[in-house]
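Report on one structure; see the data block that follows.
No experiment lies behind these values; they were computed from the predicted model shown.
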Amino acid sequence: MARIYNFSAGPSMLPEAVLLKAQQEMLDWQDSGMSVLEMSHRGKYFMAIAEAMKNDLIELLSIPENYKVLFLQGGATAQFAMIPQNILNGKSSACYVNTGAWSTSAIKEAGKYCEVKIAASSEDTAYTSIPKAEQWLLDQDAAYLHYTSNETIHGVEFNHVPEVGNLPLVCDMSSNILSRTVDINRFGIIYAGTQKNMGPAGVTVVIVREDLIGLAPKSVPSVFNYAQQAKSDSMLNTPATYNWYLLGLVLQWLKGEGGVAAIEQRNIQKAGKLYQAIDQSSLYSNPVALECRSRMNIPFVLADASLDKEFLSLAEKNGLSTLAGHRSVGGMRASIYNAMPEAGVDALIAFMAEFERTH
Ligand SMILES: *Cc1c(COP(=O)(O)O)cnc(C)c1O
């Protein structure tokens with residue numbers, strides 16, 4: 001069986017070593033005589049898996065002691081609602097930066113709970129840029145400021161953490177968490193669905209500073225309440241056990257690869273190559289401003305869109321899968337998360353060059 005290079009934006013490629021390890025442990029996890037799938041979440045085996053997974057994440061991201069790390073369900077989309085419900089703290093508004101489709105979704109959901117003040121928006125550039133810091137409107141009376149560090153659909157990524165004064169900074173890091181080093185101390189809340197860069201779908205990592213825990217009104221349902229989830233170690237109800245285990249395997253793999261700083265260097269190398277190939281060609285182009293091009297999701301269009309179908313079907317035949325851009329923007333998109341080997345990027349670049357030569 002030949003494995004393909006899968007450029008899907010998520011769920012996305014997993015490290016082969018992780019899949020093999022899961023396969024090897026499927027029937028009998030470490031002499032327990034059972035599969036992780038069958039374990040009680042409160043039993044000693046699973047507690048050990050959960051503890052190691054959490055500690056590995058704390059180590060990889062250097063999460064300080066005044067933060068709680070939660071593993072929840074409902075994806076990033078559930079966090080769009082949980083954040084205002086948990087941290088408005090009696091305030092009537094929150095600031096949101098709109099850099100693309102995921103910011104827009106977060107804004108829409110937050111609007112159910114408070115007045116959303118748009119601190120900045122790049123909608124007028126069709127989300128191909130990030131508004132300059134001096135243009136941001138920061139209302140210091142708002143409860144927090146939310147932004148999306150990597151817009152998965154548009155391929156737009158912050159290369160810095162924004163300065164927002166005393167506002168708690170809340171970040172949707174779904175598609176670039178663990179891809180680059182980041183100072184957690186700058187944030188009030190970081191959240192990320194696991195299916196982009198951390199594992200399979202079904203877990204949402206939420207890193208919350210302690211002073212933002214315990215502010216939710218009583219009407220917030222227990223499973224959506226950070227304080228209750230933190231108190232019960234994210235086991236208020238049955239967690240997505242097997243997904244926690246797979247997340248743990250991915251984190252172990254990442255540690256073995258040298259951690260976040262090492263993988264960041266590889267990500268810079270992989271993305272740099274692909275952008276260079278796009279920029280040097282006359283068939284392909286990327287519309288995003290240079291300083292905010294994503295290292296994780298690289299959209300590109302063909303000068304002649306009538307070639308799109310053929311490009312995609314030939315790519316598929318060459319083992320390069322899921323390169324179609326999001327249905328809302330069209331064109332192509334190569335998602336090259338941590339688990340995409342450099343050889344996959346090289347194969348894509350070679351294919352693109354050959355396609356250009358023959359078309
Ligand atoms: C995929 C994605 C989401 C949505 O995640 P779900 O887990 O499907 O809710 C939100 N934000 C960003 C940046 C994403 O990439």
Side-chain angles (χ1 to χ4, degrees), residues 3 5-10 12-19 21 53 55-64 130 148-152 154-162 171-187 190 192 194-199 205 207 247-280 286 288-300 320 323 333-353:
R3 278 179 54 80
Y5 292 118
N6 173 10
F7 293 90
S8 168
S12 48
M13 214 166 163
L14 290 169
E16 194 165 290
V18 165
L19 297 174
K21 174 108 177 167
M53 183 270 281
N55 288 336
D56 283 343
L57 186 66
I58 289 170
E59 183 184 329
L60 280 163
L61 288 173
S62 307
I63 300 174
I130 291 176
T148 308
S149 56
N150 184 64
E151 284 285 355
T152 320
H154 311 279
V156 169
E157 182 172 15
F158 280 77
N159 64 12
H160 63 285
V161 178
C171 183
D172 178 356
M173 252 184 224
S174 290
S175 52
N176 70 349
I177 193 167
L178 293 169
S179 73
R180 60 196 301 152
T181 55
V182 55
D183 179 6
I184 304 291
N185 284 299
R186 300 283 306 279
F187 297 89
I190 291 169
T194 45
Q195 74 272 26
K196 312 288 169 60
N197 207 22
M198 283 191 280
V205 169
I207 304 166
L247 168 56
L249 293 186
V250 172
L251 298 175
Q252 278 171 25
W253 168 82
L254 185 51
K255 279 172 68 177
E257 297 294 303
V260 177
I263 209 88
E264 177 172 14
Q265 288 313 309
R266 236 189 282 164
N267 289 332
I268 290 171
Q269 168 87 3
K270 283 168 10 191
K273 272 183 182 184
L274 185 49
Y275 282 116
Q276 191 179 35
I278 291 168
D279 291 342
Q280 284 175 354
N286 169 284
V288 179
L290 289 182
E291 70 281 3
C292 55
R293 284 177 161 187
S294 171
R295 291 176 188 161
M296 299 281 98
N297 311 97
I298 303 187
F300 58 94
L320 307 167
L323 281 162
R333 172 178 51 171
S335 295
I336 52 170
Y337 299 115
N338 288 352
M340 172 61 68
E342 192 165 344
V345 175
D346 291 340
L348 174 61
I349 292 170
F351 169 78
M352 287 167 69

Is the backbone N or O of Arg295 less than 3.5 Å from a side-chain atom of Glu157, with the two atoms forming a donor-acceptor pair by type?
yes

Do Ser12 side-chain atoms and Gln195 backbone N/O form a donor-acceptor pair below 3.5 Å?
yes

Taking the side chain as every heavy atom from C-beta outward, state whether Ile278 and Met352 have any atom pair closer than 4.5 Å.
yes

Could you grab the distance from atom CZ of Phe351 to atom CD1 of Ile349, nearest 0.5 Å is fine?
13.0 Å

Under 3.5 Å, is there a donor-acceptor pair between the side chain of Glu151 and the main chain of Val156?
no

Checking Met296 against Lys196 for the side-chain contact (heavy atoms from CB on, under 4.5 Å) test, could you report, in this order, the C-alpha distance in whole Å, the side-chain angles of both residues, the deciding distance, and whether it holds?
CA-CA 9 Å; Met296 299 281 98; Lys196 312 288 169 60; over 6 Å; no

Using every non-hydrogen atom in the two residues, find where Trp253 and Ala17 come nearest and quote the distance to one decimal.
CD1-CB, 4.3 Å

Looking at Asn159 and Cys292, would you say the former's side chain and the latter's main chain have a donor-acceptor pair under 3.5 Å?
no

So, taking the atom named CG in Asn176 and the one named CG in Asn338, what distance separates them when rounded to the nearest 0.5 Å?
10.0 Å

Answer whether the closest heavy-atom distance between the side chains of Leu178 and Leu254 falls below 4.5 Å.
yes

Using every non-hydrogen atom in the two residues, find where Val260 and Ser179 come nearest and quote the distance to one decimal.
CG1-C, 4.4 Å

Treating Thr194 as the side-chain partner and Gly199 as the backbone partner, does any N or O pair qualify as donor plus acceptor under 3.5 Å?
no

Taking the side chain as every heavy atom from C-beta outward, state whether Asn197 and Ser175 have any pair of such atoms under 4.5 Å apart.
no

Taking every non-hydrogen atom, the tightest pair across Ile190 and Ile177:
CG2-CD1, 4.4 Å

Any non-hydrogen side-chain atom of Met173 less than 4.5 Å from a side-chain atom of Val205?
no

Could you grab the distance from atom CD1 of Ile63 to atom CD1 of Ile58, nearest 0.5 Å is fine?
5.5 Å

I'd like to check Leu348 versus Leu323 (side-chain heavy atoms, cut-off strictly below 4.5 Å). Are they in contact?
yes

Examine the side chains of Tyr337 and Asn267 and answer whether a donor and an acceptor come within less than 3.5 Å of each other.
no

Any side-chain heavy-atom pair from Arg186 and Cys171 closer than 4.5 angstrom?
no

Rounded to the nearest 0.5 Å, how far apart are CZ of Arg3 and CD of Glu16?
5.0 Å

Smallest heavy-atom separation, Glu264 atom then Thr181 atom, equals OE1-N, 3.1 Å

With a 4.5 Å limit on heavy-atom distance, are the side chains of Leu14 and Leu249 in contact?
no

Met53 and Asp56, any side-chain heavy atoms less than 4.5 Å apart
no

Whether Arg180 side chain and Ile268 backbone form a donor-acceptor pair below 3.5 Å:
no

Between Tyr275 and Ser294, which heavy-atom pair has the shortest distance, and what is it?
OH-O, 2.6 Å

Is the side chain of Ser8 donor-acceptor paired with the backbone N or O of Gly10 at a distance under 3.5 Å, no angle test?
yes

Euclidean distance, Leu60 CG relative to Glu257 CD, rounded to 0.5 Å
11.5 Å

Which heavy-atom pair separates Gly344 from Leu320 by the least distance, and what is that distance?
O-CD2, 4.5 Å

Arg333 backbone acceptor or donor facing Asn297 side chain under 3.5 Å:
no

